[in-house]
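As C-alpha cells, the structure follows; a few thoughts come after it.
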Amino acid sequence: MKATVKGRYEGDKATAAATVALAAAGDLRLRASATDAAFAAGPSLDGLTLTLEKPGAFLLDLKPHNQDVRFQFMNSATVLDKRVSLTYTHSTSLAPAAPKPAIPAPAAGAAPAPPPAPRGPPPGRTALDLSIAFDPANKVSVSHALGGGGCRVKYTYAHGAGRLTTIEPVYDTAKNAWEFAVARKFDAGDTVRGTYQASTKQLGLEWTRSSSIGGSFKVATTFDLSDQSKAPKLVAESTWNYEI
C-alpha cells in the first residue's frame, strides 16, 4: 500500500491533502484521497474522492459528498507505425433533483406567478482527447469538449538525445488564443518550466525538485503582464510518498 501527503501554500492560505492507494484484484487499484476540508470541522465526506482504476484502461472517480462521478476510458493502438491514444472522459452527478421551491400566493387581483423552472442536477460533461506520437521527439494532441464548439491543439517537441528540453505550443480554436510552455530537466532531479498565455498575458515560472527518498518540492510564481501593478502570485508545494 502506498500513501502520498501533499502540502500547498498559496499567499495566506495553506492546504493539505492525503492519498492512500492499494492494489486490488488483478491490475485494479483502489485509491482514496482527502483534502483538509474532510477534517476542518470534524470528520466528514467533504473533500473525499474514491477512485477505482486500471492503468491504461479505465478510471472511475466518485465524490460522496456531492455524488459527482467521473468516468474515463483510455485505449492505445499502433496505426501506420504511429502510436495513437484516445481518452474518453464523462463527468456527471448522481444527486437527485432539488425540490421545487414553493410558489408564493399571488396578491389580490394579481396574475399568478409562472411556475419555477425545474431544478435538476448539473448537466454532464464529455471530453475526447486524441494524441499521435510520430516518434519519441514529436507528438500532437487534440482535446475537444462535446458541445464546446472548439478544441485545443498541442504540439510537443522533445529536443536532444536525452529529451531534456520540451517545447509545447498550444492553440485554442474556441478562444483563438495561443499558449506556450518550455521545460528543461536537469540530471540532479530539477525541472524548470515557463508558461505564457497570450489571451490573458499570464507569465508563469516553476521550479520542481524530485527527491531520491520519495518526494518532491515545487515553487511556482505567476505574473500578470496586463497589470504590472499586481504583485506576483506565489505557490509552494511539497509532496511525500510512503510505502505502508
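Given the structure is predicted, the values throughout are model-derived calculations rather than measurements.
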Considering all heavy atoms, the nearest [X]-[Y] contact:
{"X": "G149", "Y": "H144", "value": "N-CE1, 4.2 Å"}
{"X": "S226", "Y": "T200", "value": "OG-O, 4.1 Å"}
{"X": "T78", "Y": "D81", "value": "CG2-CA, 3.8 Å"}
{"X": "P55", "Y": "D27", "value": "CD-O, 3.5 Å"}
{"X": "E206", "Y": "T208", "value": "OE2-OG1, 3.6 Å"}
{"X": "S131", "Y": "K139", "value": "CB-CD, 4.4 Å"}

In terms of side-chain geometry, is the basic nitrogen of D68 or K63 positioned less than 4.0 Å from the acidic oxygen of its partner? no
Pair E179 + K154, salt bridge at N-O below 4.0 Å: no
Quick one: do [X] and [Y] end up in the same hydrophobic cluster if we chain Ile, Leu, Val, Met, Phe, Trp and Tyr together by side-chain heavy atoms under 4.5 Å apart?
{"X": "L59", "Y": "V69", "result": "no"}
{"X": "V192", "Y": "F217", "result": "yes"}
{"X": "L128", "Y": "V142", "result": "no"}
{"X": "V235", "Y": "L205", "result": "no"}
{"X": "V219", "Y": "F186", "result": "yes"}

What's the separation between atom [atom1] in [X] and atom [atom2] in [Y], rounded to the nearest 0.5 Å?
{"X": "K6", "Y": "K218", "atom1": "NZ", "atom2": "NZ", "value": "7.0 Å"}
{"X": "S210", "Y": "N241", "atom1": "OG", "atom2": "CG", "value": "10.0 Å"}
{"X": "T165", "Y": "R184", "atom1": "OG1", "atom2": "CZ", "value": "4.0 Å"}
{"X": "S141", "Y": "Y155", "atom1": "OG", "atom2": "OH", "value": "11.5 Å"}
{"X": "N75", "Y": "T87", "atom1": "CG", "atom2": "OG1", "value": "9.0 Å"}
{"X": "L203", "Y": "T195", "atom1": "CG", "atom2": "OG1", "value": "6.5 Å"}

Looking only at side chains, do [X] and [Y] share a donor and an acceptor under 3.5 Å apart?
{"X": "N176", "Y": "Y171", "value": "yes"}
{"X": "R70", "Y": "S91", "value": "no"}
{"X": "Q72", "Y": "T89", "value": "yes"}

Taking the side chain as everything from C-beta on, heavy atoms only, tell me whether [X] gets closer than 4.5 Å to [Y].
{"X": "N66", "Y": "S93", "result": "no"}
{"X": "L52", "Y": "L30", "result": "yes"}
{"X": "Y9", "Y": "L234", "result": "no"}
{"X": "M74", "Y": "S85", "result": "no"}

For F73 and F58, take the angle between the two ring planes, folded into 0 to 90°, and tell me which bin it lands in: parallel under 30, tilted 30 to 60, perpendicular over 60. tilted
Kindly assign one of parallel, tilted or perpendicular to the pair H159 and Y157, based on the angle between their ring planes and the thresholds 30° and 60°. tilted
Any chance [atom1] of [X] has more than 12 other-residue heavy atoms, nucleotides or ligands included, within less than 6.0 Å?
{"X": "R29", "atom1": "CZ", "answer": "no"}
{"X": "K82", "atom1": "NZ", "answer": "yes"}
{"X": "D227", "atom1": "CG", "answer": "yes"}

Check the pair I132, F134 against side chain to side chain contact (heavy atoms under 4.5 Å, CB included), reporting the backbone distance first and the verdict last. CA-CA 6 Å; I132 303 175; F134 296 94; 4.0 Å; yes
Derivation and outcome, side chain to side chain contact (heavy atoms under 4.5 Å, CB included), residues T222 and D224: CA-CA 7 Å; T222 304; D224 188 350; over 6 Å; no
For a side chain to side chain contact (heavy atoms under 4.5 Å, CB included) check, start with the C-alpha distance between E10 and K233, then their side-chain angles and the critical distance, and finish with the verdict. CA-CA 8 Å; E10 182 177 344; K233 180 180 178 181; 2.6 Å; yes
What's in the same ILVMFWY side-chain cluster as L164, cut-off under 4.5 Å, chained through other members? none
